[in-house]
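Remarks on the structure that follows.
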Amino acid sequence: MDVIRLLGIRDTPLSVDEVLRAVGDHAAGGTTIFVGTVRSQDHGKPVTLLSYSAHPNAEAELRRVAEKIAADFPLTALAAVHRVGDLQLGDTAVIVAVSAAHRGEAFEASRRLIDDLKREVPIWKHQVFADGSAEWVGSCG
C-alpha cells in the first residue's frame, strides 16, 4: 500500500477524523497530526476575514512535497489537506498527519511536512484586518 494515503486542496471544510483514518495503520507506533486554524490576529492586528487561493498546479506540488517526505522518512502513512476559499475565525485551514513505527520519526516528518507545504506549495493567504487594511501572504517562495 502506498504511504501517501490522502492529499487534497479543497473548498469544503476539512475533517480531522478523515485525516486520522487515512494514516491509521497497525504497524505504526506513533501518529502525529497538525491542525492549522484561522487565528484572530496577525502582526498584532485583529483579523476579520481570511481567504486562501491556490495555483492550478498546487495539488501536484503538494504530491511532490509528500513524496519527498515519504522518501526521507520511514513512514507507514502520510496525509495532507489544505482548504481554499473564505474561512472564518477558528476554521481549519490545513491538516497534516503522519504515522511511523516510532514517535520521533513521526514528529520529525510531520514538522517537515507542514513546513515544506507552507514553503513550497503555491497557496496564498489574503487576510483582512479590523482596521480595513489587508495583505497577501505567499505560502511558497
Any non-hydrogen side-chain atom of Val137 less than 4.5 Å from a side-chain atom of Gln127? yes
Using a strict cut-off of less than 4.0 Å between a Lys/Arg side-chain nitrogen and an Asp/Glu carboxylate oxygen, indicate whether Glu61 and Lys68 qualify as a salt bridge. no
Indicate yes or no: at least one non-hydrogen side-chain atom of Phe34 is less than 4.5 angstrom from one of Val94. yes
Atom pair NE2 (His82) and CD (Glu59), whose distance is rounded to the nearest 0.5 Å: 12.0 Å
Lys/Arg N to Asp/Glu carboxylate O, Asp116 vs Arg119, below 4.0 Å: yes
For His43, side chain to side chain donor-acceptor pair (under 3.5 Å) partners two or more places apart: Glu135
Do Val47 and Val128 have side-chain heavy atoms sitting under 4.5 Å apart? no
Determine whether more than 12 heavy atoms belonging to other residues, nucleotides or ligands lie under 6.0 Å from atom NE2 of His102. no
Give the minimum heavy-atom separation between Trp124 and His55, together with the two atoms involved. CZ3-N, 3.4 Å
Check the surroundings of atom CZ in Arg103: do more than 12 heavy atoms from other residues, nucleotides or ligands lie under 6.0 Å from it? no
Just by modelled atom types, is the Ser99 backbone N or O under 3.5 Å from a matching donor or acceptor in the Thr76 side chain? yes
In terms of heavy-atom contacts, Val3 and Ala70 come closest through CG1-CB, 4.2 Å
Just how far is it from atom CD of Glu108 to atom CG of Leu75, taken to the nearest 0.5 Å? 10.0 Å
Leu113 side, atom CG; Ile69 side, atom CD1 - distance, nearest 0.5 Å: 5.5 Å
Measure the spacing between CG of Leu14 and CD1 of Ile95 and express it to the nearest 0.5 Å. 5.0 Å
Residue pair Ala106 / Ala100: nearest heavy atoms and the distance that separates them: N-CB, 4.0 Å
Taking every non-hydrogen atom, the tightest pair across Ala58 and Ile9: CB-CD1, 3.3 Å
Using the rule that two of Ile, Leu, Val, Met, Phe, Trp, Tyr join whenever any of their side-chain heavy atoms come within less than 4.5 Å, decide whether Leu7 and Ile33 are in one cluster. no
Just wondering, are more than 12 heavy atoms of other shown residues or ligands nearer than 6.0 Å to CZ in Arg111? no
Evaluate Thr37 against Asp91 for side-chain contact (heavy atoms from CB on, under 4.5 Å), listing each step before the verdict. CA-CA 5 Å; Thr37 56; Asp91 283 350; over 6 Å; no
Validation row: Val96, Ser110 side chains within 4.5 angstrom (heavy atoms): yes
One should read off an interatomic distance between Leu87 CG and Leu49 CG, to the nearest 0.5 angstrom, of 9.0 Å
Nearest heavy-atom pair of Val84 and Ala54: which atoms, and what distance? CG1-CB, 3.8 Å
Do Val19 and Val35 belong to the same hydrophobic cluster, where Ile, Leu, Val, Met, Phe, Trp and Tyr are linked whenever their side-chain heavy atoms lie under 4.5 Å apart, directly or via other members? yes
Using the rule that Ile, Leu, Val, Met, Phe, Trp and Tyr join whenever any side-chain heavy atoms are under 4.5 Å apart, tell me whether Val23 and Val81 fall into a single cluster. no
Salt bridge (Lys or Arg N to Asp or Glu O under 4.0 Å) assessment of Arg39 paired with Asp42: CA-CA 8 Å; Arg39 62 183 176 266; Asp42 197 13; 2.9 Å; yes
Nearest 0.5 Å, what's the CD1-CG distance between Ile123 and Leu117? 5.5 Å
In terms of heavy-atom contacts, Arg83 and Tyr52 come closest through O-CB, 3.4 Å
Neighbour count >12 (heavy atoms, 6.0 Å) for atom NZ, Lys45: yes
Derivation of the side-chain hydrogen bond (donor to acceptor under 3.5 Å, both in side chains) call for Ser15 and Asp17: CA-CA 5 Å; Ser15 166; Asp17 290 338; 5.0 Å; no
